[in-house]
2 protein chains.
Amino acid sequence: MSIRSADLERVRRLPLFVPIADEVFARLTAGAFLQRFPAGADLLAEGDPVDFLYVLLDGSVELSGTWNDKETTLAVLGPVSTFILAAVILDAPATMNARTVGRSDILMIPGAALRRELEEDVRFASAVALELSGCYQGVVRAIKNQKLRGGVERLANYLLAQRSRQGSGATLTLPYEKRFIASLLGMTPENLSRAFASLADYGVEVDGPHVTISRPVALERLAKPDPLIDKHLPSDITLISKPDRERSQTLETYRPPRP
Amino acid sequence: MSIRSADLERVRRLPLFVPIADEVFARLTAGAFLQRFPAGADLLAEGDPVDFLYVLLDGSVELSGTWNDKETTLAVLGPVSTFILAAVILDAPATMNARTVGRSDILMIPGAALRRELEEDVRFASAVALELSGCYQGVVRAIKNQKLRGGVERLANYLLAQRSRQGSGATLTLPYEKRFIASLLGMTPENLSRAFASLADYGVEVDGPHVTISRPVALERLAKPDPLIDKHLPSDITLISKPDRERSQTLETYRPPRP
DNA sequence: CTCGCGCCTTGATCAACGTCAACCGGCGCG
DNA sequence: CGCGCCGGTTGACGTTGATCAAGGCGCGAG
């Protein structure tokens with residue numbers, strides 16, 4: 001599929017590509033192609049060689065890890081973001097699975113070209129270093145969120161993050177199905193349900209996808225949000241999750257329309 | 001303290017500095033200084049501005065995260081390795097605490113110089129990108145280890161890793177006190193003890209710091225080691241841990257002499 | 001030698017969380 | 001209209017691992 005110039009423009013505006021010269025960008029995207037995937041498409045499995053840097057232009061993608069028949073969601077990404085940068089740079093096998101959540105448009109940039117420019121263009125190389133640093137810090141935040149907090153606290157912080165993202169009003173709308181949010185927060189749907197129930201004491205009311213927070217201060221006192229953990233910056237990859245079967249967690253990156 | 005040239009040589013051999021030109025290395029280390037810390041010294045706390053890249057030349061350093069009076073060890077490093085690279089590059093506050101475990105010699109390289117060279121030298125910038133990619137993958141492996149495996153399985157894999165590192169004989173020596181290994185593996189000392197006990201069924205015998213593995217295949221059948229998780233490369237930073245108070249986990253980097 | 005202090009171990013109890021099963025309500029479809 | 005499916009919820013139960021308390025052992029100091 002040929003690449004629309006509007007799409008290229010969006011890619012160009014990614015922090016990773018902003019600092020580089022036009023010609024470098026041209027060389028990087030010369031061998032690139034755009035592909036549209038249906039929902040639930042497997043893009044990459046653990047251990048696969050990684051030939052392309054993926055740039056998610058539309059839709060959303062879930063990254064997960066598996067071992068011994070258990071699966072754990074490591075991150076969920078929204079547009080516009082890149083993924084598996086580290087594996088591409090190392091030219092190493094993928095350490096996670098990538099699967100589309102909804103139908104997604106993905107730009108695939110040849111890894112070889114990327115590694116070539118990395119070695120020749122300072123601007124690009126330092127942009128990559130910055131990007132990777134951000135990813136790294138995101139992972140660290142995610143680990144702390146996962147390991148230091150209990151399920152109820154994670155949910156409380158998630159709700160507060162959504163709230164601030166949706167204008168800090170008393171009401172917010174959950175961006176995904178609850179089952180998927182449970183996965184994001186590293187718990188089972190059953191426990192998410194119970195966590196919501198126990199937040200009732202803190203002024204949280206739930207009606208389907210609509211949540212109203214009547215006593216934000218009480219909720220914050222429980223959640224104890226911390227800028228070193230909850231920093232919800234744009235384009236922040238995050239992770240975490242839980243054993244067994246589909247779980248996960250992410251500092252959300254976007255609010256997709258609900259179906 | 002002035003820097004011995006032997007120390008500088010060791011730093012020079014780090015993957016991060018091998019590819020760069022002598023003059024660049026000279027500029028990086030021009031403002032650097034070597035400092036000796038006693039055991040248990042706090043080098044850095046979460047939220048602190050990060051003015052230096054730390055290079056651990058001797059001793060060992062624990063990285064941890066805290067929230068709400070709970071602490072969780074994120075990684076333990078041995079010589080020679082660098083830490084908080086990501087924060088230095090982003091010129092952002094530290095996301096973890098750093099504390100020496102034993103007396104440690106640490107080289108401190110001014111962050112400003114590092115960021116300057118990052119923007120001017122391709123070789124260095126791409127070396128940084130490679131280094132960060134490795135760190136990132138290490139973290140991902142650590143998360144998978146932590147989230148997908150139970151305590152007994154983590155211990156089993158840890159023992160197998162030690163075994164292969166110590167010559168694959170039937171016997172191995174634990175490199176740390178058990179209490180610290182418990183922390184490394186993300187569990188309490190009590191549970192480590194129980195985990196060892198339950199490994200008796202798989203041919204693991206413990207006598208103080210000495211462990212003999214009489215039926216490696218049985219142990220491997222339990223541990224199910226996975227190259228995507230257990231890849232114990234040299235200079236591999238890893239993480240993970242557990243809530244409450246001092247816990248941790250790491251893909252070991254070295255075998256220090258036991259006291 | 002003996003006391004005391006760490007480290008390790010062991011047992012009992014508890015809290016968090018996953019699992020299993022059943023049920024409810026909405027919605028599309030025959 | 002009624003059926004069945006699916007997402008969500010609720011309850012009972014089991015497992016994992018943390019917590020608390022107690023005791024053994026080795027070792028250095030008095």
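The sequence lines fix the lettering, A, B, ..., with proteins before strands; numbering per chain opens at 1.
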Integer-rounded Å distance: C:dG18 C1' and A:K70 NZ: 10 Å

field: B:L192 CG to D:dG17 P, straight-line distance once rounded to whole Å
entry: 12 Å

task: Would you indicate which nucleotide in C:dC17, C:dC7, D:dT19 comes nearest to any side-chain atom of B:E190?
output: D:dT19

message: So, applying salt bridge (charged side-chain N to carboxylate O under 4.0 Å, His left out) with B:D230, which one of B:K144, B:R165, B:R149, B:R141 is it?
response: B:R149

- request: Would you kindly give the CD1-to-P distance between B:I181 and C:dC7, to the nearest whole Å?
  value: 14 Å

- prompt: In whole Å, what is the span from the CG atom of A:L148 to the C1' atom of D:dA18?
  reply: 15 Å

task: Tell me whether the OP1 or OP2 atom of D:dA18 has a side-chain N or O from B:T188 closer than 4.0 Å.
output: yes

- request: Inspect the surroundings of OH in B:Y202 and state if more than 12 heavy atoms from other residues, nucleotides or ligands are less than 6.0 Å away.
  value: no

- request: Under 4.0 Å between any heavy atoms, over every strand shown, what does B:G208 touch: base, sugar-phosphate, or nothing? Just pick one.
  value: nothing

- request: Return yes when atom CZ of B:F196 has more than 12 non-hydrogen atoms of other residues, nucleotides or ligands closer than 6.0 Å, and no otherwise.
  value: yes

field: Nearest-angstrom distance from the residue atom NZ of A:K178 to P of D:dG7
entry: 13 Å

- request: Find the distance B:R179:CZ to D:dG26:P and express it as a whole number of Å.
  value: 18 Å

task: Would you indicate what A:G151 reaches in the nucleic acid, counting non-hydrogen atoms under 4.0 angstrom: base, sugar-phosphate, or nothing?
output: sugar-phosphate

- request: Would you state whether a donor and an acceptor, one from the side chain of B:R194 and one from the base of C:dG11, lie under 3.5 Å apart?
  value: yes

- prompt: Would you say the side chain of B:E46 lies within less than 4.5 Å of the side chain of B:T95, judging by non-hydrogen atoms?
  reply: no

Euclidean distance, atom CG of residue B:D69 to atom P of D:dT19 [Å, nearest integer]: 13 Å

field: Atom-to-atom span, CG of B:D207 to P of C:dC7 - whole angstrom
entry: 19 Å

query: Between A:S104 and A:G102, is there a donor-acceptor pair closer than 3.5 Å when you use the side chain of the first and the backbone of the second?
result: yes

message: The side chain of B:E177 is closest to which nucleotide in this list: D:dG8, C:dC7, D:dT9?
response: C:dC7

message: With a 4.0 Å limit, can you tell me whether B:N191 has a side-chain N or O closer than that to the phosphate oxygens OP1/OP2 of D:dA18?
response: yes

